[in-house]
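Heavy atoms only: backbone and side chains are in, while hydrogens, waters and symmetry mates are out.
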Amino acid sequence: MAATDRRERILTQARELLSGPDRPTVEQIALAAGVSKAGFYREFDSRAALVDALRLDPEPGTRERVLQAALELVGDAGLTALSMDELASRAGVSRATLYRLFPGKPALFVGLVRTFSPLEPVSRLATEMADQPPEVVMPELARTVFRVVAGPGAPGLGLMRSVFFEVSSVSPEAEAATHELITTILASVGAYVMRQMVEDRLRRMHPVLALQSFIGPIFFHLLTRSLVERVMGLDIDGEQAVTTLAESWLRAMKPDTTQGEVHE
């Protein structure tokens, strides 16, 4: 069999198999094409290379539909319990399309964090407001977190809960998203906080601890807000609440009057 004929037969059979609900193996694709597994790998380095060669470009809006379906599933049961088959069914796409958009759970989780978490809005804001003082920037960062997570039309807390538990458990599926989360925040908000410390606008301490002490109360408030309101009958304005928490952080981070002398 000529190499060009073999390649075309593999592509033809793969296109047919991948359009169905199942995720065929390399062995199944090779068998359907009437070639050996070795013959398959002579034409394509990997299954991913085959999918790339097929150019299975999804329709416009497919990525958004998959992410929305993933948000619902991850919010309900977490990333570890997520079934890619169920996700494909919920989003109304084939497995081939799903895996072309997101080769696995790590890539999917990164997509969720980028799309629905406050990561990018907060990082962008910290960069845009880099020349303004902490008294202006930090409360606005807190309000931005609230708007993205719990404001009108926000996706809710399901993803944030999943991010917290997946990151804290250091699950393999969340490793890539965790790395991106930490590096992006440190490069934006962390860099801003460090500059303010150097300029003696904030108390000097390890920037990671400073960020944890800022984010922790806000995140805890978001997680418990609805429960506290229901149990205690309170009506808490969300933006005002996180603004108050940010202002409390600013008071705690106020430099000592002698701090500049200590660091000279």
Side-chain angles (χ1 to χ4, degrees), residues 71 75 112-168 178 181-260:
L71 175 67
L112 285 171
V113 168
R114 286 177 176 171
T115 304
F116 295 112
S117 82
L119 176 64
E120 293 196 1
V122 164
S123 298
R124 183 169 59 251
L125 186 65
T127 301
E128 293 172 352
M129 301 182 72
D131 295 331
Q132 300 193 43
E135 292 76 16
V136 174
V137 175
M138 302 311 289
E140 186 58 31
L141 290 179
R143 288 189 289 269
T144 298
V145 171
F146 175 82
R147 291 165 191 155
V148 173
V149 175
L157 294 171
L159 177 63
M160 295 308 297
R161 291 192 186 98
S162 182
V163 168
F164 175 78
F165 289 116
E166 296 292 343
V167 168
S168 62
T178 302
L181 184 68
I182 292 173
T183 55
T184 302
I185 288 296
L186 287 178
S188 54
V189 183
Y192 172 81
V193 168
M194 288 178 66
R195 279 197 305 273
Q196 304 309 307
M197 290 179 181
V198 170
E199 296 173 4
D200 288 325
R201 291 179 176 176
L202 292 175
R203 179 187 299 275
R204 298 190 187 187
M205 62 185 297
H206 197 294
V208 172
L209 294 178
L211 288 177
Q212 288 175 332
S213 66
F214 176 75
I215 296 169
I218 294 172
F219 186 73
F220 184 76
H221 169 74
L222 291 172
L223 288 179
T224 60
R225 177 169 172 259
S226 60
L227 176 63
V228 170
E229 288 182 340
R230 186 168 65 252
V231 172
M232 301 185 67
L234 301 177
D235 184 11
I236 303 174
D237 180 83
E239 288 199 24
Q240 183 56 53
V242 297
T243 298
T244 300
L245 292 172
E247 290 171 346
S248 297
W249 181 85
L250 285 167
R251 287 193 294 272
M253 290 295 293
K254 186 176 180 180
D256 294 332
T257 55
T258 59
Q259 190 172 13

**Report entry** Residues forming a salt bridge (charged side-chain N to carboxylate O under 4.0 Å, His left out) with Arg114, sequence neighbours excluded
**Finding:** Glu180
Query raised in the report: So, do Met205 and Met197 sit near enough that their side-chain heavy atoms are less than 4.5 Å apart?
Result: yes
Query - Nearest heavy-atom neighbours spanning Pro121 and Ser117 - result: CD-O, 3.9 Å
Query raised in the report: Atom CG of Leu245 and atom CE of Met138: how far apart are they, to the nearest 0.5 Å?
Result: 12.0 Å
Query raised in the report: Are any non-hydrogen side-chain atoms of Val208 and Leu186 less than 4.5 angstrom apart?
Result: yes
Query raised in the report: Would you say Val242 and Val145 make side-chain contact, with heavy atoms under 4.5 Å?
Result: no
**Report entry** From Ile182 atom CD1 to Leu119 atom CG, the distance as rounded to the nearest 0.5 Å
**Finding:** 11.0 Å
Report summary line: CE of Met194 to CZ of Arg204, rounded to nearest 0.5 Å, is 11.0 Å
Report task. Heavy atoms only: give me the nearest Ala210-Met253 pair and the separation to one decimal. Result -> CB-CE, 4.1 Å
Query raised in the report: Could you give all pairs that pass the side chain to side chain donor-acceptor pair (under 3.5 Å) test and reach residues 119-130, with sequence neighbours left out?
Result: Ser123-Ser188
Query raised in the report: If every non-hydrogen atom of Tyr192 is compared with every non-hydrogen atom of Pro134, which pair is closest and at what distance?
Result: OH-N, 3.0 Å
Query raised in the report: Are more than 12 heavy atoms from other residues, nucleotides or ligands located less than 6.0 Å from atom CG of Asp237?
Result: yes
Requested in this report: Write out all pairs satisfying side chain to side chain donor-acceptor pair (under 3.5 Å) with one or both partners inside residues 240-253, taking only residues at least two apart or from two chains.
Outcome: Arg143-Thr243, Ser213-Trp249, Gln240-Thr244, Ser248-Arg251
Query raised in the report: To the nearest 0.5 Å, what is the distance between CE (Met232) and CG (Leu227)?
Result: 10.5 Å
Query raised in the report: So do Val189 and Thr184 actually touch side chain to side chain, heavy atoms under 4.5 Å?
Result: no
Report summary line: Heavy atoms of Gly190 and Leu211 approach each other most closely as CA-CD1, 3.9 Å
Query raised in the report: Does some side-chain heavy atom of Ile236 sit less than 4.5 Å from a side-chain heavy atom of His221?
Result: yes
Query raised in the report: Would you say the side chain of Leu209 lies within less than 4.5 Å of the side chain of Gln212, judging by non-hydrogen atoms?
Result: yes
Report summary line: In this structure, CD1 of Ile215 is separated from CG of Leu141 (nearest 0.5 Å) by 9.5 Å
Requested in this report: Inspect the contact between Glu135 and Lys254 and indicate whether a charged nitrogen and a carboxylate oxygen are less than 4.0 angstrom apart.
Outcome: no
Query raised in the report: Where do Phe116 and Val148 come nearest, in terms of heavy atoms and distance?
Result: O-CG1, 3.7 Å
